[in-house]
Amino acid sequence: MAGNADVPAHEIVIARTEQEVLQCYDVRIAVFHVEQNFPLETEIDEFDPTATHFLLRLTPSLTPVGTIRGYKAPGGYYKLSRLAVLKDYRSFRFGRELVLALHDWVKADALSAGGDNKFVEIVSHSQLYVKGFYAKFGYQPEGAEFDEDGDPHQKMVLRLPL
Ligand SMILES: CC(C)(COP(=O)(O)OP(=O)(O)OC[C@H]1O[C@@H](n2cnc3c(N)ncnc32)[C@H](O)[C@@H]1OP(=O)(O)O)[C@@H](O)C(=O)NCCC(=O)NCCS
């Protein structure tokens with residue numbers, strides 16, 4: 001784990017312009033397609049046009065290095081997906097910061113919808129080797145492993161207090 005002094009200066013923003021959204025896609029393609037060999041055809045999907053995309057970029061250069069996306073699913077839960085940090089920038093806790101940024105957004109979105117729910121559910125389909133990463137935030141495995149895009153995944157669920 002890199003010490004704080006080694007962590008490159010950075011910021012996380014919600015991608016608001018087309019260019020910022022495309023930068024999120026570029027990070028995903030570099031990680032999921034080029035590095036991990038997932039198909040390019042399924043990388044950009046039907047959820048992308050309406051999802052909220054977070055971009056982690058270095059400052060002051062604004063070089064994109066990480067991303068995550070979230071959206072509210074029809075079942076009322078939130079979906080966390082497409083979490084990726086470029087290989088050269090791993091172990092700086094960027095992945096953790098992206099997940100926490102997404103949690104903050106989920107909380108704000110759920111609270112703005114009103115109601116008296118005490119919890120909101122967030123679901124992630126985790127690659128098996130990342131289950132321990134999600135577990136650190138309290139995500140718990142639910143159900144059996146399943147295939148997604150040709151690779152085994154595990155549904156991980158977090159009940160996030162509001
Ligand atoms: C998964 C990923 C986003 C983690 O990003 P990262 O910035 O390197 O991770 P962080 O530095 O934020 O790690 C936070 C904590 O999780 C731990 N961790 C990181 N990867 C882990 C893994 N695969 N399994 C278990 N723990 C892990 C770290 O050791 C750290 O622990 P600590 O808080 O006790 O020090 C990154 O490895 C990645 O982009 N992988 C390729 C894409 C991918 O698989 N995405 C997930 C799709 S389901």
Side-chain angles (χ1 to χ4, degrees), residues 1-15 20-48 51-59 61-73 75 77-107 120-161:
M1 169 75 216
N4 274 349
D6 300 326
V7 178
H10 62 282
E11 64 180 6
I12 294 179
V13 295
I14 290 181
E20 286 167 346
V21 173
L22 291 176
Q23 288 176 331
C24 294
Y25 294 171
D26 284 345
V27 171
R28 284 163 41 180
I29 289 166
V31 172
F32 294 118
H33 176 58
V34 178
E35 179 188 341
Q36 295 189 328
N37 291 315
F38 283 96
L40 186 57
E41 312 81 76
T42 51
E43 183 44 49
I44 309 303
D45 67 13
E46 69 271 29
F47 302 108
D48 279 316
T52 297
H53 301 272
F54 295 78
L55 177 64
L56 190 151
R57 57 192 182 190
L58 304 183
T59 50
S61 66
L62 303 188
T63 307
V65 298
T67 190
I68 194 171
R69 79 173 181 190
Y71 59 88
K72 192 172 184 178
Y77 63 90
Y78 287 80
K79 184 85 195 295
L80 172 168
S81 57
R82 302 299 199 267
L83 167 64
V85 173
L86 294 182
K87 202 168 187 171
D88 288 349
Y89 292 95
R90 297 202 185 134
S91 301
F92 288 128
R93 294 209 148 157
F94 287 170
R96 179 182 170 79
E97 279 188 47
L98 283 161
V99 170
L100 294 179
L102 183 114
H103 286 181
D104 286 346
W105 170 80
V106 166
K107 267 190 206 174
V120 62
E121 253 186 14
I122 307 181
V123 173
S124 164
H125 291 175
S126 171
Q127 292 181 41
L128 299 189
Y129 92 102
V130 204
K131 281 167 61 178
F133 171 85
Y134 290 114
K136 282 178 184 282
F137 301 91
Y139 286 80
Q140 297 192 333
E142 212 177 270
E145 292 169 11
F146 59 96
D147 178 275
E148 192 167 87
D149 296 326
D151 204 56
H153 283 71
Q154 171 72 56
K155 180 177 177 182
M156 302 287 285
V157 182
L158 175 69
R159 273 164 61 82
L160 185 71

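These figures come from a predicted structure and were not determined experimentally. We count ligands from 1, going down the list as the structure has it; atoms in each ligand are counted the same way.
- Heavy-atom proximity to H125, at under 4.0 Å, picks out these atoms of ligand 1: 48 (S).
- In summary, the atoms of ligand 1 found under 4.0 Å from a heavy atom of V31, numbered by their order in the structure, are 41 (C), 42 (C).
- Under a 4.0 Å criterion applied to the non-hydrogen atoms of S91, ligand 1 contributes the atoms 6 (P), 7 (O), 8 (O), 11 (O).
- The distance from atom NZ of K131 to atom CE of M156, rounded to the nearest 0.5 Å, is 6.5 Å.
- Classification of the F94-F92 ring pair by plane angle, with boundaries at 30° and 60°, yields tilted.
- By the criterion of a heavy-atom distance under 4.0 Å, the side chain of Y134, and not its backbone, is placed next to ligand 1.
- In this structure, Q140 places its CD atom where only 12 or fewer heavy-atom neighbours from other residues, nucleotides or ligands lie under 6.0 Å away.
- For ligand 1, the atoms lying closer than 4.0 Å to a non-hydrogen atom of G132 are 25 (C), 26 (N).
- In the vicinity of R90, heavy-atom distances shorter than 4.0 Å reach the ligand 1 atoms 8 (O), 36 (C), 37 (O), 38 (C), 39 (O), 40 (N), 41 (C).
- For R28 (side chain) and T67 (main-chain N/O), no donor-acceptor pair under 3.5 Å exists by modelled atom type.
- When heavy-atom distances to ligand 1 are checked against a 4.0 Å cut-off, F92 comes that close only through its backbone atoms N, CA, C and O.
- For Y134, the OH atom is densely surrounded, since the number of other residues' heavy atoms within 6.0 Å is greater than 12.
- For ligand 1, the atoms lying closer than 4.0 Å to a non-hydrogen atom of Q36 are 41 (C), 42 (C), 43 (C), 44 (O).
- Which parts of ligand 1 touch A84 is read off a 4.0 Å heavy-atom cut-off, strictly below it: atoms 39 (O).
- Within ligand 1, counting atoms from 1 as listed, the ones closer than 4.0 Å to a heavy atom of G95 are 5 (O), 6 (P), 7 (O), 12 (O).
- No side-chain donor-acceptor contact under 3.5 Å links Q36 to the backbone of A30.
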